Protein chains: 2
Amino acid sequence: MAARSTSKTSESSDKVSVICRALRRAIIEQALEPGAKLPEDALGERFGVSRTIARHALGQLAAEGLVELRRNRIAVVATPSWQEARDAFDIRIELERLVVRQLAGKLTKAQIAELNAHVDAEDGARGGADAVSIRLATEFHILLAQMTNSPILVRYVSEVAYRCCLTLSLYSRPHSTECAINEHRAIISALAKGDEAKVMDLMHHHLDSVANRALVAPTPQRGRDLLDILAPYADEVTSDRVVKLPKVARRG
Amino acid sequence: MAARSTSKTSESSDKVSVICRALRRAIIEQALEPGAKLPEDALGERFGVSRTIARHALGQLAAEGLVELRRNRIAVVATPSWQEARDAFDIRIELERLVVRQLAGKLTKAQIAELNAHVDAEDGARGGADAVSIRLATEFHILLAQMTNSPILVRYVSEVAYRCCLTLSLYSRPHSTECAINEHRAIISALAKGDEAKVMDLMHHHLDSVANRALVAPTPQRGRDLLDILAPYADEVTSDRVVKLPKVARRG
DNA sequence: GGCGCCCCAATTGCATGCAGTTTGGGGGCT
DNA sequence: AGCCCCCAAACTGCATGCAATTGGGGCGCC
């Protein structure tokens, strides 16, 4: 059988869940770019809820790593470092290999059809906004994870995929999604054939190539924090005041 | 090098973080057993904070999978199904193989000493409470993860390890921790030697054996929810009222 | 005696209010 | 002009208050 037992969905129709979903989507579609401020008041007003709820939602998103929350400071959309991006992809590769290992040869016809339909949708969106393509590609992987019927796996794959999505939008050049779509098709076909080793390899190289295409190099100019860039230089300096020197505006 | 760059710790000294830590520990040490009720009022009063804070903490723990949160219902300590436990261990194996892969041959002498000291502590606690042994063993794995200096990896390994800890307390017989301690020592030594393949294998089998020793069988009587057990039987029945029938007390 | 219904205490969902902290900008001093 | 300090606006941290929902005990009915 392909499906296990029934699984309770964790995210219900709470107000905070609604806001979480909205913000998550806004973030991964770059409507909110990394570093964007997220004041509780503004969120509350925008979504028609109190600060309490907005705050709670920010807490959840912070737990997912999409938002940075510093005490007494305005929450901001997370700005993962290049190293964190690389780490996220490494984890993602392992998790998604596990997904396809569990799925190989166990998919129903309906599920395969669903996957194909999704890739068709990706294909259809090729002319549109880059952000939408990235989101659809990400959702393909989440769809796969959901088919394992393992709520834990779904959660982790989703989270790490969203994080990768976020970093893609940060470090990626305007990229071509076509080969990714072909790779998705190849994965589906290998899954249908039930070739476990093959599909694990396909997934591995698929994600690896996406990561390598995107995370081209430590690209210090874009996305990295000024203080991080200067850190190694500051190590040479002994004065206490060195940290006060770069009094430049930090994005924004 | 063994360490990467500085890493901000995500969990600061918020009141909610404090409560989270306290509850987490209480849960994995079985002071709060699965199914235990966690009313916001009671928590707030116990920790000297308002319901708002207790509520927020419960939200975080729910995101980690340690607590179940149903709308308009009292929160309870999560009761993972046997299948979820198995899934958690599968994920954990992959994640921790990644950990030791990154760590093999890259540990400083100080780090190795720290690991050995921890295992000594595990050894010392062998006579004490089972729950403490389990916690220490879990913390060994988290300590390893922390040495990768990858905050994301730390977070996921911690979470999934805590979940496993929770299920161990649910399904495990009073178990002997000795072999686990020896396996920990073996892992440290392989890490020091830098034998990547060996240490990945050691970790894999270590976790696998822990899982197999604990998750002996689907043991339907203990831990599984009555409704889950009856679910397949209920499928045969057409009446709407079937779901109301098992009006028995559901764990106390 | 057992079954079902109803009502109330218990509890959650959420908004608002108040106090403490941060920010950033104007004015004064050098 | 440049630097610094101080203050007010903005924002967060948290508690409290009120409406809505639940579930369990008690009562009546079978």
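Proteins get letters first, then strands, A, B, ... in listed order; numbering begins at 1 in each. All figures in this text were calculated on a predicted structure; none of them were measured in a lab.
Distances from the side chain of A:Pro39 to the nucleotides D:dT22, D:dA15, D:dC11 place D:dC11 closest. Closest to the side chain of A:Arg71, from the set D:dC14, D:dC11, D:dA15, is D:dC14.
Whole-Å rounding puts the A:Glu45 CD to D:dT12 P distance at 13 Å. One interatomic measurement links the two molecules: CG of A:Asp41 to P of D:dC14, which rounds to 16 Å at whole-angstrom precision. Protein atom CG of B:Asp14 is 13 Å distant from nucleotide atom C1' of C:dT21, rounded to whole Å. Remark: P of C:dA10 and CD1 of B:Ile74 are 12 Å apart, rounded to the nearest angstrom. To the nearest angstrom, C1' of C:dG20 lies 12 Å from CZ of A:Arg51. A:Ile53 places its CD1 atom 16 Å from the C1' atom of D:dT12, with the value rounded to the nearest Å. In this structure, A:Glu40 atom CD and D:dT12 atom C1' are separated by 6 Å, rounded to whole Å. One can place CG of A:Asn72 at 20 Å from P of C:dC18, the figure rounded to the nearest angstrom.
Considering B:Leu95, B:Leu207, B:Val99 in turn, B:Leu207 is the only one that fulfils the side-chain contact (heavy atoms from CB on, under 4.5 Å) rule with B:His141. Applying the side-chain contact (heavy atoms from CB on, under 4.5 Å) test between A:Leu23 and each of A:Val77, A:Ile28, A:Leu66, A:Leu43 identifies A:Leu43 as the sole match.
A heavy-atom distance below 4.0 Å to DNA chain D is reached by none of the residues of residues 54-63 of chain B.
Judged by distance alone, the side chain of B:Arg155 and the main-chain N or O of A:Ala63 form a donor-acceptor pair under 3.5 Å. Remark: side-chain polar atoms of B:Arg86 are not paired, donor with acceptor, to backbone N or O of B:Ala211 under 3.5 angstrom.
When all heavy atoms are compared, the tightest approach of B:Val76 to B:Lys37 is CG1-CA, 4.1 Å. Closest of all the heavy-atom pairs between B:Glu122 and B:Ala137 is OE1-CA, 3.6 Å.
When each of A:Thr52 and B:Ala75 is assigned the nucleotide of DNA chain C bearing its nearest heavy atom, the one mapping closer to the 5' terminus is B:Ala75.
Note on residues 134-145 of chain A: pairs passing salt bridge (charged side-chain N to carboxylate O under 4.0 Å, His left out), not counting sequence neighbours, are A:Glu29-A:Arg135, A:Arg135-A:Glu139.
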